[in-house]
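Heavy-atom basis, side chains included; hydrogens, waters and symmetry copies ignored.
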Amino acid sequence: MANQNLKRIILEVVNNQIRDNNPPITKVTLERLKKSGYTEQQAKKKSPQY
């Protein structure tokens, strides 16, 4: 269960980074992955922190 909580928290951090555009590379990477065929959810899970 703790692992699921950690994943949820990390996804929240990624969402905050995208919303705030800080760091900008997070949003750039998300868009690049989506253009490569990943869904938004899959792309967010590619985050190094995830």
Side-chain angles (χ1 to χ4, degrees):
M1 184 59 99
N3 200 20
Q4 290 300 321
N5 285 335
L6 180 59
K7 287 182 179 183
R8 181 186 53 77
I9 291 167
I10 291 171
L11 189 56
E12 184 177 332
V13 169
V14 171
N15 285 328
N16 290 343
Q17 289 177 343
I18 293 165
R19 181 197 66 220
D20 297 342
N21 199 31
N22 185 19
I25 193 68
T26 304
K27 192 171 188 175
V28 170
T29 301
L30 174 69
E31 294 305 319
R32 180 179 51 79
L33 288 169
K34 286 171 46 179
K35 286 179 184 177
S36 295
Y38 291 99
T39 66
E40 186 161 334
Q41 193 67 18
Q42 289 170 326
K44 287 178 181 179
K45 289 182 177 181
K46 294 283 184 190
S47 165
Q49 298 99 339
Y50 202 79

Please table the atom pairs, donor to acceptor, closer than 3.5 Å between any side-chain atom in residues 31-39 and protein atoms at least two apart or in another chain.
unit_1: Lys34; atom_1: NZ; unit_2: Glu40; atom_2: OE1; d: 3.4
unit_1: Ser36; atom_1: OG; unit_2: Arg32; atom_2: O; d: 3.0
unit_1: Thr39; atom_1: OG1; unit_2: Gln42; atom_2: N; d: 3.1
unit_1: Thr39; atom_1: OG1; unit_2: Gln42; atom_2: OE1; d: 3.3

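- Once rounded to the nearest 0.5 Å, the distance linking CG of Asn15 with CD1 of Ile10 reads 12.0 Å.
- Side-chain contact between Lys45 and Val14 is absent, with no heavy-atom pair separated by less than 4.5 Å.
- Each salt bridge (Lys or Arg N to Asp or Glu O under 4.0 Å) pair with one or both residues in residues 17-27, not counting sequence neighbours, would appear here, but there are none.
- Annotation for Val28: hydrophobic cluster partners, listed by chain and number, are Ile25 (ILVMFWY side-chain heavy atoms under 4.5 Å, direct or chained).
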